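Here's the structure we're looking at; comments come further down.
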Amino acid sequence: MKTLQLKDRKFALSIPEVQIQQAVKEVAERINRDLADADPLFICVLNGAFMFAGDLMRHININSQITFVKLASYEGLLTTGEVKEIIGLNESVVDRNVVVIEDIVDTGITMERILASLKNKGARSIRVASFLQKPEALQRDIRLDYVAIKIPNDFIVGYGLDYDGYGRNLRDIYTVVEE
Ligand code: IMP
Ligand code: MG
């Protein structure tokens, strides 16, 4: 079993690169079919989705644009904890068919905020393409249009996802090993 150490934690290989690339290609093919005439605006949510977006877009062959946003986090504005706002969205989404590209949907709280914000900004339609999803962790009623791979409720790193900033460069996905 291939393992690695990031800071104080040990991780074991769980999803190899070939499986990732196949799943990403399949998502791209579905988007190519579904949105062929929709002139979509892809919105990549940084930092985590950078690798997924890069590989996905290489398989996208329809008329489309891509832009990149970050989420600003605030503490204590709501009793529920973190409130996130989209920053860096310079393009108008008014009347656009938007596809949000995310690395992972865990509780769904982040995605719920993004969807509310884009709706508020006047997008015509909003779809979600998430590389990973943890179905067992979902706490919000949101529709995920494209999910490349579903995973159990364990902490993972690699392919854009990090542990305290480390591990984003890994080509494979690794799962934390509880010791
Ligand atoms: P949510 O708001 O609970 O859906 O969390 C989404 C965000 O949490 C993602 O965009 C990731 O940044 C982070 N996240 C959730 N699970 C993991 C994981 O297993 N590894 C790394 N980051 C994660
Ligand atoms: Mg993220």
Side-chain angles (χ1 to χ4, degrees), residues 1-17 19-21 23-24 27 42-57 66-89 98-120 126-179:
M1 175 61 79
K2 199 170 159 191
T3 62
L4 61 83
Q5 181 89 24
L6 295 175
K7 298 186 72 178
D8 57 340
R9 288 302 187 128
K10 216 165 124 188
F11 293 84
L13 178 65
S14 56
I15 309 174
E17 181 182 11
Q19 190 184 333
I20 292 170
Q21 292 301 331
V24 171
V27 166
F42 291 94
I43 301 180
C44 169
V45 183
L46 298 172
N47 295 327
F50 81 98
M51 221 180 254
F52 173 46
D55 286 340
L56 182 78
M57 294 307 290
I66 183 167
T67 190
F68 302 84
V69 297
K70 273 204 165 205
L71 299 179
S73 305
Y74 301 92
E75 299 283 333
L77 284 188
L78 284 181
T79 46
T80 50
E82 249 177 41
V83 177
K84 295 184 172 175
E85 187 195 344
I86 296 182
I87 53 174
L89 184 61
V98 168
V99 182
V100 180
I101 304 180
E102 249 291 31
D103 53 357
I104 186 166
V105 174
D106 184 11
T107 62
I109 292 170
T110 304
M111 187 54 70
E112 186 180 56
R113 298 291 310 177
I114 294 171
L115 295 176
S117 171
L118 291 173
K119 202 172 166 195
N120 195 34
I126 309 169
R127 289 174 179 77
V128 176
S130 184
F131 169 54
L132 298 175
Q133 187 202 354
K134 295 178 179 173
E136 294 158 27
L138 194 65
Q139 294 175 17
R140 290 293 188 276
D141 184 20
I142 52 174
R143 191 189 70 233
L144 304 179
D145 302 271
Y146 308 100
V147 174
I149 302 171
K150 292 181 181 173
I151 60 169
N153 200 3
D154 301 315
F155 189 81
I156 55 92
V157 292
Y159 199 68
L161 291 111
D162 71 301
Y163 172 50
D164 205 11
Y166 293 94
R168 293 193 195 277
N169 55 306
L170 299 165
R171 293 162 168 263
D172 313 286
I173 292 287
Y174 291 78
T175 302
V176 72
V177 178
E178 302 296 346
E179 290 174 303

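This one's a predicted model, so the numbers in the text were calculated from it and none came from an experiment. Residues: numbered from 1 along the sequence shown. Indexing begins at 1, ligand by ligand and atom by atom, following the structure's order.
Remark: ligand 1 and Phe155 share no N or O pair separated by less than 3.5 Å (distance only, no angle test).
With a 6.0 Å radius and a threshold of 12 heavy atoms from other residues, nucleotides or ligands, Phe155 has its CZ atom above the threshold. No more than 12 heavy atoms of other residues, nucleotides or ligands sit less than 6.0 Å from atom CG of Asp141.
Close to ligand 1: Gly108, with a non-hydrogen atom less than 4.0 angstrom away. Contact annotation: Lys134 has at least one heavy atom less than 4.0 Å from an atom of ligand 1. Ligand 1 has no atom lying under 4.0 Å from any heavy atom of Val45.
Rounded to the nearest 0.5 angstrom, Lys10 NZ and Thr3 OG1 are separated by 5.5 Å.
Side-chain atoms of Asp103 and Tyr159 include no donor-acceptor pair closer than 3.5 Å.
When atom types are taken as modelled, the side chain of Asp172 and the backbone of Glu17 share a donor-acceptor pair closer than 3.5 angstrom. No donor-acceptor distance shorter than 3.5 angstrom exists from the side chain of Lys7 to the backbone of Asp164, with no hydrogens or angles considered.
Residues Glu102 and Phe52 have side chains not in contact (no heavy-atom distance under 4.5 Å, counting atoms from C-beta outward).
Those atoms of ligand 1 with a heavy atom of Ile104 less than 4.0 angstrom away are 6 (C), 9 (C), 10 (O), 11 (C), 14 (N), 15 (C), 16 (N). Those atoms of ligand 1 with a heavy atom of Asp162 less than 4.0 angstrom away are 21 (C). For ligand 1, the atoms closer than 4.0 angstrom to any heavy atom of Asp154 are 19 (O). Counting atoms of ligand 1 from 1 in the listed order, those under 4.0 Å from a heavy atom of Thr110 are 1 (P), 2 (O), 5 (O), 6 (C). Of all the atoms in ligand 1, the ones that sit under 4.0 Å from a non-hydrogen atom of Thr107 are 1 (P), 2 (O), 3 (O), 4 (O).
Heavy-atom proximity to atom 5 (O) of ligand 1, evaluated over Asp106, Leu161, Val157, Ile151, is greatest for Asp106.
Residue contacts with ligand 1, taken as heavy atom pairs separated by less than 4.0 Å, involve Glu102 solely via side-chain atoms from C-beta onward.
Salt-bridge annotation for Glu136 and Lys150: absent, with no side-chain N of the basic residue lying under 4.0 Å from a carboxylate O of the acidic one.
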